[in-house]
Each structure stands twice: as structure tokens, then as C-alpha cells.
Amino acid sequence: MNTLLRIDSSLRTEGSYSRMLGDYFINQWKVRNPDGIILKRDLSTSPIPHMSQQTVDAFFSETPNPESISLSDQLIDELYESDEILITCPMYNYGIPSSLKAYFDLVIRTKKTFAGYNIPKGLLENKKASIISSMGGIASGTLNPLESHLTQLLNHMGIVDISYFPLNGTVDQAKITDKITSQQLQILKHLN
């Protein structure tokens with residue numbers, strides 16, 4: 001039985017392209033995994049606090065205050081419980097939403113999701129990730145800025161099997177329906 005962790009980061013709970021394509025992904029995933037478990041982490045409706053000095057100190061303490069790391073431990077446990085991770089992410093000011101950055105600040109943790117410093121080794125091996133990104137403009141290059149950043153973060157934790165479903169150019173309303181349809185077909189191919 002597969003477990004999928006869905007992480008949504010759009011501030012929009014209505015009218016979000018990344019959430020809408022994420023819903024499509026989940027519906028298709030359920031068809032292929034009828035007994036599968038879906039864990040949900042919505043960073044807009046349940047925001048993750050930004051890291052504090054107390055949390056950083058606890059990360060490097062031999063005897064950390066449990067209250068300081070309890071949320072980090074909970075988020076990391078969700079990652080370990082999951083076989084697959086789906087991240088839906090819009091671009092805000094040329095980067096990932098601050099809520100998603102706060103999430104990764106709490107889960108990228110030495111001795112928990114990676115080991116070593118000079119040559120870090122990710123500890124979350126044999127997991128798959130899918131990134132659904134949306135941005136108003138058109139990205140140049142093979143990966144858009146969101147995909148590139150998220151890839152680095154996931155790779156640091158050992159997740160290297162990553163699939164991308166970008167919705168670039170969402171400001172062009174005349175073409176958005178075709179772009180959504182194209183990515184839905186890519187999702188179907190990916191899940192088959």
C-alpha cells in the first residue's frame with residue numbers, strides 16, 4: 001500500500017492553478033492506488049512558523065527541548081511515512097512561497113534527513129517526488145526557478161526521483177486551458 005504526502009503552498013485556496021492540477025494528480029493517483037493513503041499538508045490553511053533561534057539551537061543540541069523540535073519531528077515523520085511526495089507550488093516574487101521555505105527549514109535537518117557536512121548524504125532515499133509549479137511568465141532553460149530550487153532541497157534529503165509538471169505562462173489566459181490539458185496528459189503518462 002502506497003502513501004502519498006501532498007504539500008500545497010499556494011496562498012489561494014480558490015482559483016489556484018497549482019492546487020487545481022494537484023487535485024487532478026490526486027484523483028488519478030487514487031484510481032491507481034485505491035488502497036493508498038494520502039497525507040495532506042496545506043501550508044496556507046495551517047501555516048508553518050518560521051524557524052527561531054530556539055529551534056536552531058535545539059537542532060544542534062544533544063538534549064534538545066522537545067517542544068522546540070516537536071513540529072520538525074512531526075513533519076519529518078510524515079516524509080518518512082510517505083513513498084511519494086507531491087508539492088504544488090506557485091511562484092511568488094521569483095521564488096517559492098515563504099511558507100514552503102519555512103517547511104523545508106524545519107525538515108532539512110542533520111541526522112534526521114541528511115548526514116555529513118562537506119559531502120552531505122540524504123537519508124530519505126527510495127522516495128519519489130512530483131512538483132507541480134505555476135508561474136505567470138515563461139521560464140527559460142530546462143527547469144523553471146521553482147523546480148530548480150525544490151530539486152536542490154529534495155536532493156539534499158536524498159530524494160532524486162523527481163517528476164515535473166510546470167504551468168508556465170499562466171498570465172496568457174488564451175493558452176492556459178491547453179497548458180492545463182497538456183500537463184494533465186503528462187500526469188496520466190507519469191502515473192501509468
Side-chain angles (χ1 to χ4, degrees), residues 4-13 16-22 25-26 39-52 55-56 59 71-72 75-76 78-80 82-110 112-171 176 179-180 182-183 186-187 190:
L4 182 144
L5 170 62
R6 176 180 180 170
I7 303 167
D8 288 307
S9 60
S10 177
L11 294 173
R12 294 180 181 172
T13 54
S16 163
Y17 290 119
S18 60
R19 284 180 187 271
M20 182 261 315
L21 200 54
F25 186 104
I26 291 294
L39 307 175
K40 295 181 182 177
R41 177 64 59 183
D42 191 323
L43 303 178
S44 178
T45 60
S46 299
I48 301 291
H50 290 277
M51 211 161 32
S52 67
T55 304
V56 172
F59 282 178
L71 178 58
S72 173
L75 299 174
I76 290 170
E78 288 177 352
L79 287 168
Y80 274 102
S82 303
D83 303 295
E84 301 178 52
I85 298 145
L86 170 65
I87 300 172
T88 69
C89 178
M91 178 187 282
Y92 294 149
N93 298 318
Y94 302 100
I96 65 174
S98 63
S99 59
L100 190 55
K101 174 68 167 80
Y103 172 87
F104 277 106
D105 284 345
L106 290 181
V107 299
I108 296 179
R109 193 166 135 202
T110 186
K112 291 288 187 173
T113 57
F114 77 95
Y117 289 101
N118 294 334
I119 304 174
K121 175 177 175 21
L123 302 176
L124 290 171
E125 297 175 311
N126 303 316
K127 296 186 183 294
K128 295 179 181 180
S130 295
I131 298 171
I132 294 174
S133 61
S134 63
M135 56 189 280
I138 302 292
S140 60
T142 55
L143 295 180
N144 70 38
L146 304 175
E147 294 167 339
S148 181
H149 189 183
L150 291 171
T151 297
Q152 286 182 306
L153 297 171
L154 292 167
N155 285 176
H156 193 79
M157 296 188 296
I159 302 169
V160 296
D161 186 351
I162 305 171
S163 300
Y164 307 94
F165 306 99
L167 278 174
N168 298 331
T170 60
V171 294
I176 192 62
K179 291 178 182 197
I180 291 169
S182 173
Q183 289 308 320
Q186 293 304 314
I187 289 169
H190 168 71

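Everything numeric here is computed off the predicted structure, so don't read it as measured data.
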Legend entry - Non-hydrogen side-chain atoms of Ser98 and His50 separated by less than 4.5 Å: yes
Inset, instruction - Determine yes or no for a side-chain-to-main-chain donor-acceptor pair under 3.5 angstrom, with Thr88 supplying the side chain and Ile132 the backbone. - result: no
Legend entry - Check: Ser134 main-chain N/O paired with Ser18 side-chain donor or acceptor under 3.5 Å: no
Inset, instruction - Check for a donor-acceptor pair, side chain of Tyr103 on one end and backbone N or O of Ser9 on the other, with a separation under 3.5 Å. - result: no
Legend entry - Main-chain N/O of Thr170 paired to Lys179 side chain as donor or acceptor, under 3.5 Å: no
Legend entry - Lys112 side-chain N/O to Leu123 backbone N/O, donor-acceptor pair under 3.5 Å: no
Inset, instruction - Determine yes or no for a side-chain-to-main-chain donor-acceptor pair under 3.5 angstrom, with Ser16 supplying the side chain and Arg19 the backbone. - result: yes
Inset, instruction - Report the residues that fulfil side chain to side chain donor-acceptor pair (under 3.5 Å) with Lys128, sequence neighbours left out, ordered by chain and then residue number. - result: none
Legend entry - Contacts of Met20 that satisfy side chain to side chain contact (heavy atoms under 4.5 Å, CB included) - sequence neighbours left out: Tyr17, Ile180
Inset, instruction - Taking all non-hydrogen atoms of both residues into account, name the closest pair between Gly22 and Leu86 and its distance. - result: O-CD2, 4.0 Å
Inset, instruction - To the nearest 0.5 angstrom, please state how far the OG atom of Ser82 sits from the CG atom of Leu4. - result: 7.0 Å
Legend entry - Shortest non-hydrogen separation from His156 to Ile108 and the atoms involved: CD2-CG2, 3.5 Å
Legend entry - Donor-acceptor contact present, side-chain Asn155 to main-chain Ile159, <3.5 Å: yes
Legend entry - Heavy-atom closest pair, residues Thr13 and Ser44: CG2-OG, 4.4 Å
Inset, instruction - Answer whether the closest heavy-atom distance between the side chains of Phe25 and Leu21 falls below 4.5 Å. - result: no
Legend entry - Heavy-atom side-chain contact between Glu84 and Ser130 under 4.5 Å: no
Inset, instruction - Determine whether the side chains of Tyr164 and Thr151 contain a donor N or O and an acceptor N or O closer than 3.5 Å. - result: yes
Inset, instruction - Tell me, please, which residues at least two apart from Ser52 pass side chain to side chain contact (heavy atoms under 4.5 Å, CB included). - result: Gln54, Thr55
Inset, instruction - Inspect the contact between Asp8 and Arg6 and indicate whether a charged nitrogen and a carboxylate oxygen are less than 4.0 angstrom apart. - result: yes
Inset, instruction - Taking all non-hydrogen atoms of both residues into account, name the closest pair between Ile96 and Leu146 and its distance. - result: N-CD2, 3.7 Å
Inset, instruction - For this output row, return yes or no: ring centroids of His190 and Phe165 closer than 6.0 angstrom. - result: yes
